[in-house]
2 protein chains.
Amino acid sequence: MDTALDRAVRVFRERGYHATSIGDLTAAMRLATGSVYKAFRDKHAVFLAAFERYTALRQEQTRSAAARGANGREQIRNVLLSYVEHSQGVEGRRGCLVVGSAVELSAHDAMVAARVSTQLATNENFIAGLIRDGQADGSIPRHVAADDTARLMLCITQGMRVVGKARLPLDGIRLVGVAMKLLA
Amino acid sequence: MDTALDRAVRVFRERGYHATSIGDLTAAMRLATGSVYKAFRDKHAVFLAAFERYTALRQEQTRSAAARGANGREQIRNVLLSYVEHSQGVEGRRGCLVVGSAVELSAHDAMVAARVSTQLATNENFIAGLIRDGQADGSIPRHVAADDTARLMLCITQGMRVVGKARLPLDGIRLVGVAMKLLA
DNA sequence: TTTATTCGGGAACAATCATTCCCTATTATG
DNA sequence: CATAATAGGGAATGATTGTTCCCGAATAAA
């Protein structure tokens, strides 16, 4: 079932919610219509489950990217670099379910809107925490405003996914090199 | 007709392409079904016209915001501040057609994808030009990498629209204050 | 072995979609 | 004045949508 959900994640990322029909879903998940409706209440429930699964996976990926850094500053650099990578190539073209949901559904779907907000807040808080870690370990100056910088970095990461979906190439080293000035 | 198209822009921004039915469109544009199909070949053509109109309006708004600045640096500050304003409140919740199109359509609609890319490139080039202007007038240091910084600022602006659509509040002064470090 | 029960599959359904067609005013043309 | 042309309105149409219902096979229980 989890592997079927992974396939659902992929379809929703590629096509969005409204452009994904039950037919697309059953084809991707390799289940018949009846089987999908036996596992989920409706299309919306499939999407919610896919969203949940996607955010869990992405969270794990960014945290493990951060963990590869020796101090707060390097951890942030790794997180940003990881975002650039995921915003590019086939993965970037596939898109981010959080960004897609924010843009396509947030305005008219309270359930999705709530999950999008909490996910964005989680990401922002994670970055803010890394900034404070860096200030504690001496790799980031004390005068950096952790919360404001974290919110701007949230905009940067979400923006990368938009730009990446539009197929503009992103040079990780150069882009992140510039972004690190925010920690000066 | 232009006022009808303005109303179409609004609906597409609020609901996206796929979630907007012809019924929604005729109701908003205050035209009957037949009249819409007499003015446009199909729904896709209405969308393309709305996209064109939206980008023209937005371009004008950003340029006039920039024009209020005395030098390159202040012009960029004004552009960023303008983006924050447009990403917030009722306007922010309405969303950006470029971001929406990039996320919802770019992957499967070559015509839209092309227009999104050129629009993003135009925005980026505009910012890069302002950076170079600032370097010429002495308000921005020469060592700032114009192209890389412009691309990062493109990510920032597009990201603001995502975050704004998700209803996270954005403090223009603080956010732009941090972002201006990129021009140090 | 016989009988329940579960599970996946797919046909059937009503609703909604984008699109076409035709009718009726209104304006322009002779 | 008569008539051709145009523009707008809305019903009809066929395709597609999400959802439900029911069937058949496989497994568990008796």
Side-chain angles (χ1 to χ4, degrees), chain A residues 1-54 95 97 100-101 103-113 115, chain B residues 1-54 95 97 100-101 103-113 115:
Chain A
M1 172 54 65
D2 270 357
T3 137
L5 204 54
D6 281 327
R7 294 196 240 260
V9 168
R10 185 165 157 172
V11 183
F12 278 129
R13 287 177 60 191
E14 284 173 351
R15 315 184 76 90
Y17 180 77
H18 291 291
T20 301
S21 72
I22 299 290
D24 297 330
L25 229 35
T26 57
M29 297 172 88
R30 289 191 252 247
L31 290 174
T33 326
S35 305
V36 170
Y37 278 86
K38 213 152 278 179
F40 302 94
R41 196 160 49 81
D42 54 15
K43 181 185 169 185
H44 195 257
V46 182
F47 183 80
L48 251 39
F51 185 93
E52 221 73 50
R53 189 161 174 81
Y54 174 78
L97 250 197
S101 304
V103 171
E104 200 189 352
L105 300 174
S106 239
H108 294 273
D109 184 329
M111 194 130 302
V112 170
R115 288 170 206 235
Chain B
M1 173 52 66
D2 269 359
T3 135
L5 203 55
D6 281 327
R7 295 196 241 260
V9 167
R10 182 165 158 173
V11 182
F12 278 130
R13 286 177 62 192
E14 285 174 350
R15 316 184 74 90
Y17 179 78
H18 291 290
T20 301
S21 72
I22 300 290
D24 296 330
L25 228 36
T26 57
M29 297 171 87
R30 288 189 256 230
L31 289 175
T33 328
S35 307
V36 170
Y37 277 87
K38 213 152 277 177
F40 303 94
R41 196 161 48 80
D42 54 15
K43 179 184 169 185
H44 194 256
V46 182
F47 183 80
L48 251 40
F51 184 94
E52 223 71 51
R53 188 160 174 81
Y54 174 78
L97 250 197
S101 304
V103 169
E104 199 189 352
L105 300 173
S106 238
H108 294 273
D109 185 329
M111 192 126 308
V112 170
R115 289 169 205 236

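Worth knowing before you read on, the calculation uses all heavy atoms, side chains too, and leaves out hydrogens, waters and symmetry mates.
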Side chain of Lys38(A) (C-beta onward), nearest among dG9(D), dG8(C), dT19(C): dG8(C)
Shortest side-chain distance from Asp42(A), nucleotide among dT20(C), dG9(D), dT19(D): dT19(D)
Sugar-phosphate only, base, or nothing, as touched by Thr20(A) at under 4.0 Å among non-hydrogen atoms: sugar-phosphate
Touch class at under 4.0 angstrom, heavy-atom based, for Thr33(A) against every strand present: base
Lys43(A) (side chain) and dG18(D) (base): donor-acceptor pair under 3.5 Å: no
Residue pair Met29(A), Val11(A): steps toward the side chain to side chain contact (heavy atoms under 4.5 Å, CB included) verdict: CA-CA 9 Å; Met29(A) 297 172 88; Val11(A) 183; over 6 Å; no
Side chain to side chain contact (heavy atoms under 4.5 Å, CB included) assessment of His18(B) paired with Leu105(B): CA-CA 9 Å; His18(B) 291 290; Leu105(B) 300 173; 3.7 Å; yes
Check: Thr26(B) side chain, Gly23(B) main-chain N or O, donor-acceptor pair, under 3.5 Å: yes
Aromatic ring pairing Phe47(B)/Tyr17(B), orientation class (parallel under 30°, perpendicular over 60°, tilted between): perpendicular
N/O (side chain, Ser35(B)) to phosphate O (OP1/OP2, dG9(D)) under 4.0 Å: yes
In whole angstrom, give the distance that lies between atom [atom1] of [X] and atom [atom2] of [N].
X        : N       : atom1 : atom2 : answer
Arg30(B) : dG8(D)  : CZ    : P     : 16 Å
Ile22(A) : dT20(D) : CD1   : P     : 10 Å
Phe12(B) : dA18(C) : CZ    : C1'   : 12 Å
Tyr37(A) : dT20(D) : OH    : C1'   : 9 Å
His18(A) : dT17(D) : NE2   : C1'   : 13 Å
Phe40(B) : dA18(C) : CZ    : C1'   : 16 Å
Leu25(B) : dG9(D)  : CG    : P     : 14 Å
Tyr17(B) : dA18(C) : OH    : C1'   : 9 Å

Any side-chain donor near an acceptor of the partner, Asp24(B) and Ser21(B), under 3.5 Å: yes
